[in-house]
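Working notes, beginning with the structure itself.
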Amino acid sequence: MGDRLASMRLGAESLTVVLEVGGLDTLGRDKLEIAVRGALHGLGDLPPLRIAQMAERGETVAPKKPRIIAVGSGKGGVGKSTVSANIAVALARMGVKVGLVDADIYGPSQPRLMASEGERPTAKDKTLNPVPTRYGVPMLSMGHLAEPGQAIAWRGPMAGNALAQLIEADWGDVDTLVVDLPPGTGDVQLTMIQRFKPAGAVIVSTPQDLALMDATRAIGLFDKAGVPVIGMVENMAGYACPHCGEVSDPFGQGGAEAAAKTMGYDFLGRIPLTLNIRAASDAGQPPAAGDDDAGAPFVAIAGKVADWLKANADAEPVTA
Ligand SMILES: Nc1ncnc2c1ncn2[C@@H]1O[C@H](COP(=O)(O)OP(=O)(O)OP(=O)(O)O)[C@@H](O)[C@H]1O
């Protein structure tokens, strides 16, 4: 491992390690990086670790990969897919060259949310071409790899390989990929995060205590893999009755903001539970694509993510 260490720099904000990875395949590079993370983790209190990979001089360096924003949640059904799709659509409207990857192996729902159900990606030399959408966000989904209506029992390594196909697709000029992760904090998620090294993570939770406890676990997962948490989103907070307008809080309100504060993470915003959001999402019309009230909270959250990306421009991977 030592002869692969090109340089190491300890700054106030981060510990930057440059690894010389010439001649290693992807698996070899991943193993090396995990070994380095493990060795440094054992040393105790260090600033956030940044690892860059460098090929030998003269060796062809593959094109830059898009950086990944992972959207995760401690449990299913909290609106992670809805938030991912709308962040991607809002970022595209802000001029970010963004793509969307649906890594949810348990129930890929992005094709429906983005109105690309039934589309099949084409491939060239085993490299997939993302499916264009009417919202300016090219996308690929685990659902695109299955025959329509066919359930797939993805297991760890298979899921990792399928995801690799989606992430290593021909993304063209896309520089930012929003990745909708499977819910939960199991080994599949950890492997995905370690293998594809997101630049940052957005955690989605509903406001009730149990969901928040799960969200805390999701944060732990990203921490363990050395992925910075961009912030937390509270979804399904406050229900406005479509008839009388009265706002009630079926799941409480403010829990995610308080939890984020306690843990020292940014709170990115709150999205109400509305009939509009549910109906528009099911109809393949992400609210963030429109200009009415339903889209506003998503646009505000995407704005904060865009600010974070600008402030952390150096978080992108150096080479493929
Ligand atoms: N703010 C909201 N208001 C109303 N309905 C919502 C809201 N957010 C999500 N939903 C609805 O809740 C359901 C679950 O949302 P979504 O699929 O985004 O959750 P998820 O966390 O990705 O779930 P899974 O883990 O099963 O993939 C969908 O029917 C969606 O339309």
Query - Evaluation steps, side chain to side chain contact (heavy atoms under 4.5 Å, CB included), between D266 and I230 - result: CA-CA 7 Å; D266 282 344; I230 302 174; over 6 Å; no
Which value, rounded to the nearest 0.5 Å, describes the distance between [X] atom [atom1] and [Y] atom [atom2]?
{"X": "F267", "Y": "K261", "atom1": "CZ", "atom2": "NZ", "answer": "10.0 Å"}
{"X": "M114", "Y": "T133", "atom1": "CE", "atom2": "OG1", "answer": "4.0 Å"}
{"X": "M139", "Y": "L177", "atom1": "CE", "atom2": "CG", "answer": "11.5 Å"}
{"X": "S281", "Y": "N86", "atom1": "OG", "atom2": "CG", "answer": "6.0 Å"}

**Report entry** V229 with M263, same ILVMFWY side-chain cluster at under 4.5 Å
**Finding:** yes
Given 3.5 Å as the limit, does a donor-acceptor pair link the side chain of [X] with the main chain of [Y], or not?
{"X": "Q189", "Y": "P183", "result": "yes"}
{"X": "N235", "Y": "V78", "result": "yes"}
{"X": "S14", "Y": "T16", "result": "no"}

Charged N-O contact under 4.0 Å between [X] and [Y]:
{"X": "E117", "Y": "R112", "result": "no"}
{"X": "D291", "Y": "R93", "result": "yes"}
{"X": "E33", "Y": "R37", "result": "yes"}

Closest heavy-atom pair and its distance - [X], [Y]:
{"X": "P228", "Y": "G226", "value": "CD-O, 3.7 Å"}
{"X": "S84", "Y": "V178", "value": "O-CG1, 3.8 Å"}
{"X": "A164", "Y": "R195", "value": "CB-NH2, 3.6 Å"}
{"X": "P138", "Y": "W171", "value": "O-CZ3, 3.5 Å"}

Report task. List the steps, then state whether side chain to side chain contact (heavy atoms under 4.5 Å, CB included) holds for L309 with R67. Result -> CA-CA 10 Å; L309 287 173; R67 64 176 156 190; 3.6 Å; yes
Query raised in the report: So among I301, I87, V83, I203, which one has a side-chain contact (heavy atoms from CB on, under 4.5 Å) with L268?
Result: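 Considering I301, I87, V83, I203, a side-chain contact (heavy atoms from CB on, under 4.5 Å) with L268 is found only for I301.
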Query raised in the report: With side chains defined as the heavy atoms from C-beta onward, is the minimum distance between I69 and P198 less than 4.5 Å?
Result: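 A side-chain contact under 4.5 Å is absent here.
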Report task. Check whether any side-chain heavy atom of M236 lies under 4.5 Å from a side-chain heavy atom of I271, and answer yes or no. Result -> no
Query raised in the report: What residue pairs, at least two apart or across chains, pass salt bridge (Lys or Arg N to Asp or Glu O under 4.0 Å) with a residue in residues 77-86?
Result: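 Every pair satisfying salt bridge (Lys or Arg N to Asp or Glu O under 4.0 Å) with a residue in residues 77-86: K80-D104, K80-D180.
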Query - Sequence neighbours excluded - salt bridge (Lys or Arg N to Asp or Glu O under 4.0 Å) pairs with any residue from residues 159-174 - result: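 Non-adjacent pairs meeting salt bridge (Lys or Arg N to Asp or Glu O under 4.0 Å): zero.
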Query raised in the report: Would S81 and S109 count as having a side-chain donor-acceptor pair, cut-off 3.5 Å?
Result: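 Yes, side-chain donor-acceptor contact under 3.5 Å.
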Query raised in the report: More than 12 heavy atoms of other residues, nucleotides or ligands under 6.0 Å from CG of D223: is that the case?
Result: yes
Requested in this report: Dump the intermediate steps for side chain to side chain contact (heavy atoms under 4.5 Å, CB included) on I68 and K197, then the final yes or no.
Outcome: CA-CA 7 Å; I68 293 173; K197 305 168 200 99; over 6 Å; no
